[in-house]
Structure formats: structure tokens, C-alpha cells
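We count ligands from 1, going down the list as the structure has it; atoms in each ligand are counted the same way. The shown structure was predicted, so the numbers you read here are calculated from the model rather than taken from an experiment.
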Amino acid sequence: IAQRVNVDKNAPPEVPYWIPYLGSAIAFSVNPIKFYSDNRKKYGDVFTYTMVGRKFTVCLGVEGNNFVFNAKLADVSAEESYTPLTTPVFGKGVVYDCPNHMLMEQKKFVKWGMSNDAFRAYVPDIVEETKTYFERRWINKEGGRGDLFTAMGELIINTASRTLMGPEIRALMHESVAQLYHDLDDGFQPINMFFQWLPLPSYFRRDKAHNEMRNIFMKVIEERRANNITDKTDMLQSLMNQTYKDGTPFTDTDACHLMIALLMAGQHTSSTTATWALLFLAENPQVLQDLLDEQKEVLGSLDAPLTFDSMKNLTLLDNVIRETLRLRPPIIMILRKVLRPLAYTGTDYVIPKGNYVAASPIATQVDEKYFKNAFKFDPHRWESIVEEDTGETVDFGFGKIAGGGARNPSLPFGAGRHRCIGEAFAYVQLKTIVSTFIRMYDISLTEKGMPGSDFTKMFVQPLLPVEINYKPRK
Ligand code: HEM
């Protein structure tokens, strides 16, 4: 009854729906990848669907990715898509709660805190955190079952807080910060994009947690200033001393808010990736063995220290992370709100103002056209893939990015001006955790096999519980 008549003949085709307002929300949230692929067969690469009263025009394929990621600032806005969700959690004045040129400068500030020197200092800390974590918990000498998802969640927050956030925050992790993180996380769910006006109890907890978290960061900043501490290499220290190009100060409150944003942006993305990577290794014992052999060959032995520089030569390990992110990217939909009617390149379509355009790089990541046996986990495939380097670069103000980047068929970190700032850190963290873990344990899947995906969360994660069989290595 509620099938909308498409009044604009140039608008992209619309997916029909029966329930007014809700539109395709149910089919989409059960399995967005199937929803996209089924409708792509009917409507082509560009089509519109309705969810909770909003219209989303998805642009699939490498051209679709490029269209969304490289759209002009005057045409589309990430801020208008994300702020209802992000501002209450991160706080005001940062990321999407400020003009884009300020975000570009904030990304530059963050980049300084993710230098190779910082990474050199982080790796031994991550190794130690990983060893200590498992030595205390996965202790059965004969082996047993471990809750992998919980372990990776706790380990990522412990290692990110010890490295990026600073030792003071790590020290509080067992007490207040872990709980505050959970309350913030409960308020960082897709529902918030649509129903930010509802008086949900989780929103009150989220707002309280935001204030307390900011106060914790603020206290650390004040103590560091009072004690004249300047020798820290962490992100907080680098954010404490920044000024925008036009002289506007980047205040301590801004620094606290950006720290919360980094914590939230890096937590689930990295913890689900670590979980999936180890599940794939448990499912593929030959790849697991190849990884151990690589360590012996490149580093000399499985006891050789893992360092930032030595891990650079572990290419199979790199490819295990790359392949995991190709098959199980935690972010499968990237949104921008259309600010003025937007002609879709190479067609007659004009996407109406007020729609959201969506990119979904997973569509090309599992496309046979680009990846043979696309659904098979095969990290070795990357040995023969030469990622195209057009030589062309674009400077968005926070560093140069390969211009042809948005047409790469595998884009788990996005592309263009909003490309992820945490990729290098995520690789360091994930490589260190995975290699330390596989030195400690042999692993295999339980009788349940590989878990399916839960698409109802902000970041796609495995369906819980995720257990794994482990056996300590002699
Ligand atoms: C943005 C993926 C880890 C910080 C993004 C985007 C993607 C992404 C796809 C683009 C969003 C868009 O265009 O709308 C990932 C994945 C990660 C990861 C797959 C790990 C496996 C991290 C980490 C941090 C981080 C560790 C920080 C420490 C950010 C920030 C943005 C972002 C601040 C917003 C950038 C902007 O809008 O300009 N990430 N991310 N991410 N990421 Fe990550």
C-alpha cells in the first residue's frame, strides 16, 4: 500500500517496499550484503531504498566507490550523516562536529602521534600485554576452549590504552574506564542515527559516561602540565600542543574529545578483525603453519623478539590481515548526505538532494571479477596482486593519498578525504597480537565451525558466542 510513486524520472530506480516508513529496513539489517547483491541484479549498480523514513542511494562497483568517496564537499556531507550518532559520544568540536577543514587538520595532529618512532615504542608493549593477558586466562596446559571475541575486545582496549591513550589511562582500565567505555559503546549503535530524540536509558548512561571520560583525560592533561611532563610519546601528548593553521587553539577539551573519538573508532574495528583473522587461521591450519614458518625464516626463530622493524618483513602476516579485511570488513556501508542534486557519472540518473549516498566496498571485495574464488580465505593471493599505483596523489591537508585509490577493489579503510587515519596503527596492533598469540597457542575451530555475521551492530561482528579450541605450544 505504501509503494511510493517515483515522481522524478531521472532519479535512480527504487526498491519497492510494503511497510511505510520502515521500508526495506528489515531485509537490509538481516543481511545487507545479500540485499545489495539481490537488488543489484534487478536494478544495476545504482539504486535507492528506503529505511526508517530516509532514502539511501547505494552506488556499487569500483565506479560507485569512487563516486561516493571522491564526491565534492559542496555536493555531499559526512557531517550531516554521522553527527546524530557521533557528537553525543565523541563530544563537540571534533571529527564531524566541525567544518571539514578543521577535521582535516585534526587528522594531521593525529598523524603526528602515529609516527614510526611511536610504533617502535608500542610493539614491545603490545607483545607484553598480549602475553600477560593469555598467561593469566587461557591457562589450561592440556588446552581448552577460549572465548575469542571477549579476549580480543579486552586486549585491543588494553593495548590501545597503553599505547595511544597513555599509561595513566591504561592504569585505570580495570576500574572505571572499561565500564565507561561500555556505556559509551551502548550509545554508539545504528538506532541512534534514527531515533536520537528517544529518551532511552542507554542515552543517559552514554552522556554520563562521555562527561566522566572527558574528565579523566582532562585530569591526565592537567597533571602532565602541572608536573611539566613532556617526554611521553603517546597520542594524548601530541594532541596537547596543537594549534589550527589560522591560529585557533585546539583546546584541551578538543583533545579529550578527539581521544574519545579515536578510542571508539579503533576499538570494534580492530577487535573484530583480530577475531576473524584468528578464526580464519583456525579454519586453515596450513596458513597458520605458513605464518609460523615465515617467522622462523625471517626472524630466525619463534623466540626472536618482535619489533616494528622486523615485522615489516612478515609479508604473509600482512596479507593475512589484508585478506581478513577483504572478506570481513567491519564497516560495510559508508554514508554521505546529498546537499544538492547529484548527477551520477556516466548515466542519466540524478540523485535527489536529501538522499544519502552509500558506498559499500565489500561488494567489490567479494566480486569474482577482481578476486578469483572470491569467498575463499587465501592470503597468498595477495602475493600476485599488484595494487595499481597511478602515481597521482591528492593532498587533503593531512598528507598525500594515492589519487586512483578510490578505484581499488579492496577498500576496507575507505578512500578520499575521509579515509581512515588509523590504518597503520591497526596493522601494527593486529600484526603484533596475531603473531604473539600464534606463538603461544595452536588453535582449531570448535564443532560449531565458522560463525556467521551479525549485521545489526554499528560495526559488523561475528555472531556470538565465538569460542575457539586452544592448545599451548610446547
Ligand atoms: C574512518 C575503517 C581502525 C580512526 C574510517 C573509515 C573506514 C575505517 C572505512 C571511513 C569512514 C567514512 O569514509 O565515512 C577502519 C578499519 C579499522 C580502523 C577497518 C581497523 C581494522 C581505526 C583506528 C583508528 C581509526 C585504530 C584510530 C586510532 C578513524 C577515524 C576516522 C576513520 C578518526 C574518521 C576519518 C574521517 O572521517 O575523515 N575507518 N578503521 N580507525 N577511522 Fe578507521
Check each atom of ligand 1 against the heavy atoms of T273 and keep those under 4.0 Å away; list them by number with element. 21 (C)
Show me which atoms of ligand 1 lie under 4.0 Å from any heavy atom of L164. 28 (C)
Identify which one of K376, R381, R328 satisfies the salt bridge (Lys or Arg N to Asp or Glu O under 4.0 Å) criterion when paired with E323. R381
Taking all atoms of both residues into account, what is the closest heavy-atom pair of L236 and M165, and its distance? CB-O, 3.9 Å
Nearest neighbour in protein (non-hydrogen) for atom 10 (C) of ligand 1: H418 O, 3.5 Å
Tell me if a side-chain donor or acceptor on S453 pairs with a main-chain N or O of F455 at a distance below 3.5 Å. no
Relative to atom 6 (C) of ligand 1, which among F413, F459, F69 owns the nearest non-hydrogen atom? F413
Value rounded to 0.5 Å, distance of SG in C98 from NE2 in H257: 12.0 Å
So, regarding K107 and ligand 1 (criterion: nitrogen or oxygen to nitrogen or oxygen, under 3.5 Å), is there a contact or not? yes
Any idea which protein heavy atom is nearest atom 30 (C) of ligand 1, and the distance to it? I421 CG2, 3.8 Å
At the 4.0 Å heavy-atom cut-off, does P412 count as touching ligand 1? yes
So, 4.0 Å and heavy atoms of R417: is ligand 1 close enough to count as a contact? yes
Out of A277, P361, C420, whose heavy atom sits nearest atom 42 (N) of ligand 1? C420
Protein non-hydrogen atom below 4.0 angstrom of atom 15 (C) of ligand 1 present: yes
Y82: numbered ligand 1 atoms lying under 4.0 Å from its heavy atoms: 12 (C), 14 (O)
May I ask whether A78 has any heavy atom positioned less than 4.0 angstrom from an atom of ligand 1? no
Atoms in ligand 1 with a heavy atom of A426 nearer than 4.0 Å: 20 (C)
Under 4.0 Å between a side-chain nitrogen and a carboxylate oxygen: does that hold for D309 and R120? yes
Search all heavy atoms of Q365 against all heavy atoms of L411 and return the closest pair with its distance. OE1-N, 2.8 Å
Only heavy atoms count here, so choose which of A274, A261, A265 is nearest to atom 29 (C) of ligand 1. A265
Checking side-chain hydrogen bond (donor to acceptor under 3.5 Å, both in side chains) between D185 and each of H268, Q267, R206, which is the one that passes? H268
Presence of salt bridge, R336 and E80, under 4.0 angstrom: no
Atoms in ligand 1 with a heavy atom of P330 nearer than 4.0 Å: 19 (C)
From the options T269, V68, T86, L103, select the one whose nearest heavy atom is closest to atom 20 (C) of ligand 1. T269
Below 4.0 angstrom from a heavy atom of S270, which ligand 1 atoms are there? Numbered from 1 as shown, please. 20 (C)
Heavy-atom contact check, 4.0 Å cutoff: does T272 meet ligand 1? no
Tell me whether ligand 1 is touched by M114 - counting only heavy atoms on the residue side and a distance under 4.0 Å. yes
Quick check on R336 - does any of its heavy atoms sit under 4.0 Å from an atom of ligand 1? yes
Hey, are R224 and D234 close enough for a salt bridge, meaning a charged N less than 4.0 Å from a carboxylate O? yes
More than 12 heavy atoms of other residues, nucleotides or ligands under 6.0 Å from NZ of K312: is that the case? yes
Taking 4.0 angstrom as the limit and counting only heavy atoms of Y96, give me the atoms of ligand 1 inside it, by number and element. 34 (C), 36 (C), 37 (O)
Which atoms from ligand 1 have a heavy atom of I334 less than 4.0 Å away? 9 (C), 12 (C), 13 (O), 14 (O)
